[in-house]
Amino acid sequence: MDYTPREIIAAFRAGLLERVLRSNTVWLCASCYYCTVRCPSGIKLTDIMYELKRLGVEFGLVQEGAIAPALSKTFVDMVDRYGRVPEIPLMMAVLLKTDPLRIFKMIPHGLKLFLRGRMPFLPHRISGISELEKCSGAMTEALVSGLHPGSGAGEEA
Amino acid sequence: MGSHLEFSYYPGCSLEGMNKAYDKSARAVSKSLGIDLTELNDWNCCGASAYMSIQELRAHLLSARNLALAEKEKKDLAVVCPACLTTLTKSNRYMGEDPKLRRTIASALRAANLQYLGTVKVRHLLEVIVRDIGEQEVKARVSRPLSDLKVAPYYGCQFTRPFGDFDDKESPVMLDTLLKWLGAEPVNFPLKAKCCGGMLMTTNEPIGLGLVRSLLDCAVQNGAECVATICPLCHITLEAYQGNVNKKFATSYKLPTFYFTQLMGVAFGFSRKELGINEELISSKRILPEQVEAA
Amino acid sequence: MAEKIGVYVCHCGTNIAQTVDCKSVVDYVSALPNVTVARDYQYMCSDPGQDLIKKDIKELGLTRVVVASCSPLMHEPTFRRAVEEAGLNQFLFQMANIREQCSWISENKEKATERAKSIVAAAVKRVEFQESLDVKKVPVNPNVLIVGGGITGIEAALQIADSGKKVYLVEKEPTIGGYMARFDKTFPTLDCAACILTPKMVSVGQHPNIELLSYSDVTGFSGYVGNFTARVRKRPKYVEDEKCSGCGLCTEKCPVSVPSEFECGLGKRKAIYRPFPQAVPNVPVIDTEHCLYFTKGVCKVCQKFCPRGAIDFDQKEVYIDLQVGAAILATGFDLFDASRVKQYGYGKLPNVITSLEFERLSHASGPTGGKILLKNGQMPTSLAILHCIGSRDTNFNEYCSRVCCMYSMKIAHLAHEKTGARVYEFYIDLRAFGKGYEEFYKRVLEEETIFIRGKAAEVTDVPQTPAERGKLVVVAEDTLLGIVRRIPVDMVVLSVGFEPRKDAVEIARIFSISRSQDGFFLERHPKLAPVSTASDGIFIAGSCQGPKDIPDSVAQGAAAAANALSLIDRKEVTLEPTIAVIDEESCSGCKICIGLCAYNAITFDEAKKVSKVNDALCKGCGVCVAACPSAAIEQRNFTDDQLLAEVESVCVSGK
Amino acid sequence: MESNFEPKIVGFLCKWCAYTGADLAGTSRIKYPPNVTPIRVMCSGRVDPVLVMKALSSGADGVLIAGCHPGDCHYQSGNVKTIRRFKLLQRMLDQFGIERDRVRLEWVSASEGERYAQVVENMTETLRKLGPLNWNGNKEAS
């Protein structure tokens, strides 16, 4: 960890955004939520880490050579394409992009699992994928047009 | 059997892949306990952490579609993956607390003629079994007690953190309780709710392996013969990376891992095949009751 | 004849004037009917301010006065006195609150000024309907009730008793002494707690003016300032106070041994026991949960051996009523239950102990004879003290418990002195604010205590390195270094914070006092009336009001004693005449009011077939007034006419 | 609906809890809308329905009654009687066709300055949405 979460927040407050986003701290967070439930000040640190990850991707400021952002992006692409995440294609795609040599190291295990039917390679596309696209599109449109989608009368769910 | 509970069942992506046995065994034991799990039709990814790391609103939207589908069925949602549990619960909660988010998601759902009013509860199968089914009925189903089997009860991060008020957030006990009902002996396992490192295996293997090692070490030190898991990611990490740990740290762990539903199934008298207990990575032959061998 | 009303608008320096245009308010009220004069002034509560009112009453013949300033809770008595001094009845005065509920809540001057006008106009309208009332004087009972016999209650009791007044000191436990009796040394001077406390306890026990009711609690409290009745329940000790000589033979012979609460379960006591040898009164009690006679019907060994025949198995609980003029609550605190913070392993890891347990280990007459020992009987070679357990934490208590930093450093000193162990302190901030406290911190630093700035994340017995094997490992971020550190130690001491007592809710209800958001008793004013409550004649002192160390507790005990003495030495008190009165002509005799009165202050006159209010019992809540179907009841100074006038004025203003 | 409508609300505050709580809001410099004008009573139990109806007929758009939390009443049980009376009051409102939201009963302890401010803010917001009450003696209506 380059900076402890406390230092991340201090740096953020000091306006040192690049230092925050380029640190490995943010992408090391594995969302175990210990900090969130323990924080004596009630700060939802895990959520903050997610926010910082998103900021980093948005601004193109992430730790040099980090795999995690690539993984997340690929994950999002696959979910948007299939509606679900096929684990193996995901891992392959990520490693192809970042560390192709490791694929070979994984072959012995993979073969065993494959033979037992535990490694399906073919992604399954949900039938509601167009439904999701519609929702997603409507949301983006509403956000882009800057109109608050709920400002009309009687929309409260 | 007295109980009849109905849930929409949400297996989650990882149960379609390497964790098929979790799905299989969960369905088998649920059925025998009178829990009717009907798979949520055409469910999608919950919007888990990796998605949340890039797209917040769309992650909530993904959860919301699942919740909306479940609401249509007028059933609560039973899940087996704690990460799905946390993600779905988070969206459920945040939409309840934040009117702006609720409205944003509601209008997006409307584009596909969906709506979500916020009535669905998302629950982990373990919690359903321990709290709703209870000791008496579980024990009544046990035909092959796991006598003296020393099990490390492993919960991982997201069973109770951050939202689970049904059990302790630092040191949960539900799995311990269930294992005792099955006749097994849950060993003292102080790291029971620590991170397995699974999230880091692809992105930062050294740290991930260190975490796996300390878990295995702690389990073995406390006399465990196997580990019971409730999370597909934890399960794969502990199972598939033991070899890497042994290589890296010059250790020789050979600790079998079982989904908690597999151990239930063994105690209920199901066969290896019905529970998907395989031997491809670590042998469990020496620890399971003899009858299971025969089956 | 039309009333002549004077209205005075206070600037309160800039407190009001900054957001309320006082001149504009004056102009506005000047135009209201019957307003003879309206003025504004810098500080109405000052002498010149009050003189303005007095002068106008005399020179302009004012018949009503309105002051628009702060909350009536602050200065109503001040202005009532001023009005009275100028020859006008004090109830012909009304106060309009344009500070707490107007200028301070607003940022918009225009809106605040409008609001001020509306509030003042309502007071002007109301005051027209107000009437002269006579205040009643009643004699004060000179006895004082003190609840709680910790150091605070002891101090208050001795102060009052020494002045010649009678004190009833009610203590829940078998002995007085409270938490202080369990401490070893006291910071920052390191005097031994027993050496300074026990002489005071003995004085209480022997004082001719103190009646000590131990093993007792207050179950009811009624009456009014100067004339309260306290109902006290004396629980059966099964030992007669008068006969017992305190020889201790019964305790010696008792065959039952159970963990001692006084020793935090680290030592044992018998089923008939005194919590500790210097107990006051020096009379044992029988714990019926464990006594063989009470559980199995056999034994009675204590009775056989008692040389004075003081054991009485048939003793019953007794209720007695005490007449007092004032009461002081010094009921203390509970310690935070460390097992609630799971990550520190209290209750699971044997050598994780609380600070109070450390005190008992360190105490010369404690379970180890003053030796700091691990559960295996060995001395620790390293020890970690974790601050802020349960305090400054939104998951538990948000407030700072104020004493833990200092007692933690005392523990560091004692541990160092007695064991030579390496001592670590894990802290968030160090708060050494009192006299001699910072110097004590320096001293502990010089003793090579290692201070690590960072709240401990967890305590674990799962080792990561060979050096950690068999140790407790404290994991914390060292915030000065910006790294996570793992410190292996033998013993961990959790510095637990203070909490309101579990029975604080019940006590607050019995005495009709309020509690602040944190659950501690609420003082009348945080700075200017720290030991008073909203209820006249009821005072609070010590940690029942909020966490306090010994010096502060003693100071508050003495302060509460002075407040109580000041009250009872007045010999008489005046009662607010704002009680209910029933108009016999209008009363239909339906008796609805009688059932509603919480004080049984209304009786039915069978001869006249009407209800009547007993002046002395009526507290003036007005519940009966609102319920009377014949509108036959009025509450003085809160009459329907007065309130309706106020309502109407509020509604029409600004329309 | 009037866009800049500011409701006028009469607040009956008991001296021991709600009024002291409102004072605390001021002492803590919490800012809240100025729409509720406080009238001090000794106990919420003193609030006669006549006072409430008088307020509504004289031009108030809403009435707030605030007292000690149940169990904490300075007069033991005055507020319990308020609860009972309040239910009757609500039925009375129904009969007159006045929205129930216009008259509120809230518990605010002496230490809940923040809560008092929230109650006022919340009620003001509700009444802004409901709009003015044009009832009975209200001059605009006649």
Side-chain angles (χ1 to χ4, degrees), chain B residues 97 152-177 186-197 200 204 206-224 227 234 238 245 248-251 253 255, chain C residues 336-354 375-376 384 386 388-391 393-397 426 454-477 482-492 494 496:
Chain B
E97 289 164 5
Y154 184 45
Y155 300 79
C157 309
Q158 298 192 2
F159 177 55
T160 49
R161 279 195 309 274
F163 301 119
D165 295 323
F166 46 83
D167 201 347
D168 194 86
K169 293 180 181 183
E170 289 280 344
S171 181
V173 294
M174 271 184 182
L175 181 54
D176 298 57
T177 307
V187 302
N188 175 38
F189 193 44
L191 304 185
K192 58 164 73 162
K194 294 276 178 197
C195 175
C196 66
L200 301 171
N204 200 326
I207 293 185
L209 289 180
L211 292 170
V212 178
R213 186 213 177 176
S214 55
L215 285 171
L216 294 170
D217 185 59
C218 181
V220 170
Q221 291 289 334
N222 283 291
V227 181
C234 294
L238 284 183
V245 166
K248 183 172 162 122
F249 299 102
T251 49
Y253 297 115
L255 206 58
Chain C
F336 177 79
D337 173 9
S339 65
R340 287 170 63 195
V341 201
K342 294 279 188 310
Q343 59 264 40
Y344 300 135
Y346 179 75
K348 274 191 174 171
L349 303 171
N351 290 309
V352 176
I353 63 171
T354 67
K375 289 277 153 35
N376 64 8
L386 276 46
C388 299
I389 305 300
S391 310
D393 189 334
T394 47
N395 298 306
F396 304 100
N397 295 314
F426 292 85
K455 185 179 170 72
E458 60 183 38
V459 176
T460 174
D461 62 349
V462 181
Q464 283 193 357
T465 61
E468 292 180 356
R469 237 168 255 285
K471 297 273 185 184
L472 294 169
V473 182
V474 182
V475 185
E477 179 193 347
I483 57 167
V484 176
R485 295 179 69 183
R486 295 174 61 93
I487 310 282
V489 292
D490 294 329
M491 180 183 261
V492 171
L494 302 179
V496 286

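Naming convention: chains lettered A, B, ... in sequence-line order (proteins, then strands); numbering from 1 in each chain.
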> Do Q343(C) and S171(B) pass the side-chain contact (heavy atoms from CB on, under 4.5 Å) test, and can you show the C-alpha distance, the side-chain angles, and the key distance before you say yes or no?
Replying inline: CA-CA 8 Å; Q343(C) 59 264 40; S171(B) 181; over 6 Å; no
> Is any side-chain heavy atom of R469(C) closer than 4.5 Å to a side-chain heavy atom of Q221(B)?
Replying inline: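 Yes, close enough: below the 4.5 Å cut-off.
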>> Using side-chain heavy atoms (C-beta onward) and a distance below 4.5 Å, is D461(C) in contact with P190(B)?
In response: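 Answer yes - side chains close enough.
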> What residue, out of D168(B), N188(B), N222(B), has the most heavy-atom pairs lying under 4.5 Å from chain C?
Replying inline: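 When all of D168(B), N188(B), N222(B) are compared, D168(B) has the most.
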> Atom NZ of K169(B) and atom CG of N395(C): how far apart are they, to the nearest 0.5 Å?
Replying inline: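 One gets 8.0 Å once the value is rounded to the nearest 0.5 Å.
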> Is there a salt bridge (Lys or Arg N to Asp or Glu O under 4.0 Å) between E170(B) and R340(C) once you walk through the steps?
Replying inline: CA-CA 10 Å; E170(B) 289 280 344; R340(C) 287 170 63 195; over 6 Å; no
